Amino acid sequence: MGRTSDAREKILSAAQSLIELRGYSALGVAEICKAAGVPKGSFYYFFESKEALALAVLDEHWDAQKSAWARVLNSDEEPLRRLYRLFEETEAGQRAGQQSCGTVSGCLFGNLSLEMSNHTEPIRTRLQEIFDAQVEMVESVITEAREREEVTTPDSREAARAVVAQLEGQVLFAKLYNNTRRLSPLWANCLALLGARAPQEAGGGGPGSPPPPPTTPHRATRRLRG
């Protein structure tokens, strides 16, 4: 039946690629198995339903993304630089995907939130858990920036929600317009949300411009005035 040790990974990989390209609802088990190169019986050996497969795809994708986010957000760089690197790598990932398949795939979590959150409670719950975890990771960086007086936002948790929300929104626009340049406002928007300002030489640019050194709003004001 082709139930080899790598059959599950082949199914997961094929399912993720197809979901990113076409969405979840339009896919059938037979199509997924054909793309994976495994017999249909192998699917039900590993997954009791298509919903169970979707949950496994979400978990695997989040495991990889969480590791990538942790590498960036837990680095030794200054807090605002870490946030900048997150946006920079997000844009690079979307650009690489576009070069590979010709379209901006967007965010798997955002795509499935739009498509499935009102149809299946287990998927909705898993997506909520993933986004909550993202917010927590960003919140810890913003809290550190607040302690260093680099930002003036009064609520790190709500600021983190806003940062994650605008990241998802800009990625959605990039997908809609099939244009990664839609991600360019990310950094300037983040600074505004956090109550920080980029110095003049950064030009308020987003990923693609050199990251400005983290400064408090007061220091940035003095520099602009000077």
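Residues: numbered from 1 along the sequence shown. Please read all numbers here as calculations on a predicted model, not as lab measurements.
- For the side chain to side chain contact (heavy atoms under 4.5 Å, CB included) test with P79, the passing option among E77, R81, R82 is R82; the others fail.
- Side chain of E60 to backbone of L12: no donor-acceptor contact under 3.5 angstrom is found.
- The two residues R182 and Q170 make their nearest non-hydrogen contact at O-OE1, 2.8 Å.
- The shortest non-hydrogen separation linking R146 to V151 is CG-CG2, 3.5 Å.
- Using modelled atom types, one finds a donor on one side chain and an acceptor on the other under 3.5 Å when comparing T120 with E51.
- Among all heavy-atom pairs drawn from S105 and N111, the shortest one is O-ND2, 2.9 Å.
- For the atom pair NZ of K50 and CD1 of I32, the computed distance is 6.5 Å after rounding to the nearest 0.5 Å.
- Side-chain N or O atoms of Q94 include one that pairs as donor or acceptor with a backbone N or O of G106 at under 3.5 Å.
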Checklist entry - Does the pair L193 and T153 meet the rule for a side-chain contact (heavy atoms from CB on, under 4.5 Å), with working shown? => result CA-CA 7 Å; L193 287 168; T153 179; over 6 Å; no

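- Of the possible donor and acceptor atoms, one in the side chain of S49 sits under 3.5 Å from a partner among the backbone N and O of A52.
- With rounding to the nearest 0.5 Å, the separation of NZ in K34 from CG in L18 is 11.5 Å.
- Shown here is E121, whose CD atom has more than 12 heavy atoms of other residues, nucleotides or ligands within 6.0 Å.
- Nearest approach of S25 to E115, heavy atoms of both residues: N-OE2, 2.6 Å.
- Taking each heavy atom of L55 and P122 in turn, the nearest pair found is CD2-O, 3.7 Å.
- Summarising the geometry, atom CG belonging to D132 is positioned 6.0 Å from atom CZ belonging to R161; distances are rounded to the nearest 0.5 Å.
- Using modelled atom types, no side-chain atom of S42 and backbone atom of V38 make a donor-acceptor pair closer than 3.5 Å.
- At least one donor-acceptor pair closer than 3.5 Å links the side chain of S140 to the backbone N or O of M137.
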Item to check | Criterion side-chain contact (heavy atoms from CB on, under 4.5 Å) on Q166 and F87, from CA distance to verdict | outcome: CA-CA 11 Å; Q166 74 108 6; F87 300 151; 4.0 Å; yes

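- Between F43 and F47, the ring-plane angle classifies as tilted under the 30° and 60° cut-offs.
- Of the possible donor and acceptor atoms, one in the side chain of T143 sits under 3.5 Å from a partner among the backbone N and O of E139.
- Judged by distance alone, the side chain of S75 and the main-chain N or O of V72 form a donor-acceptor pair under 3.5 Å.
- Counting non-hydrogen atoms of other residues, nucleotides and ligands closer than 6.0 Å to CZ of R181 gives a total of 12 or fewer.
- Between the side chain of S13 and the main chain of E9, no donor-acceptor pair closer than 3.5 Å is present.
- Atom CD of E150 is separated from atom CG of L80 by 5.0 Å, given to the nearest 0.5 angstrom.
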Checklist entry - What's the verdict on side-chain contact (heavy atoms from CB on, under 4.5 Å) for K175 and Q98, showing C-alpha distance, side-chain angles and the deciding distance? => result CA-CA 9 Å; K175 176 180 174 66; Q98 184 183 37; over 6 Å; no

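- Closest approach of V171 and T90 over heavy atoms only: CG2-CG2, 4.0 Å.
- Transitive grouping of hydrophobic side chains (ILVMFWY, heavy atoms separated by less than 4.5 Å) brings L58 and F46 into a common cluster.
- Side-chain contact between C190 and L83 is present, with at least one heavy-atom pair separated by less than 4.5 Å.
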Item to check | Worked check of side-chain contact (heavy atoms from CB on, under 4.5 Å) between F109 and H61 | outcome: CA-CA 9 Å; F109 306 134; H61 190 65; 3.4 Å; yes

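- Rounding to the nearest 0.5 Å places CD1 of I123 at 10.0 Å from OG of S113.
- A heavy-atom distance below 4.5 Å is not found between the side chains of S67 and D63.
- Hydrophobic clustering places Y44 together with I11 (ILVMFWY residues linked when any side-chain heavy atoms are closer than 4.5 Å, directly or through intermediates).
- N74 places no side-chain N or O within donor-acceptor distance of the main-chain N or O of W69, the cut-off being under 3.5 Å.
- Clustering ILVMFWY residues whenever any of their side-chain heavy atoms sit less than 4.5 angstrom apart, transitively, puts L172 in a cluster other than the one holding I130.
- A side-chain donor-acceptor contact under 3.5 Å links D155 to the backbone of E158.
- With rounding to the nearest 0.5 angstrom, the CZ atom of R148 is 5.0 Å from the CD atom of E78.
- V104 and L108 are assigned to two separate hydrophobic clusters, defined by single-linkage of ILVMFWY side chains at heavy-atom distances under 4.5 Å.
- Salt bridge status for E91 with R95: present, with a side-chain N to carboxylate O gap under 4.0 Å.
- A continuous path of hydrophobic side-chain contacts links F131 to V163 [ILVMFWY only; heavy atoms under 4.5 Å].
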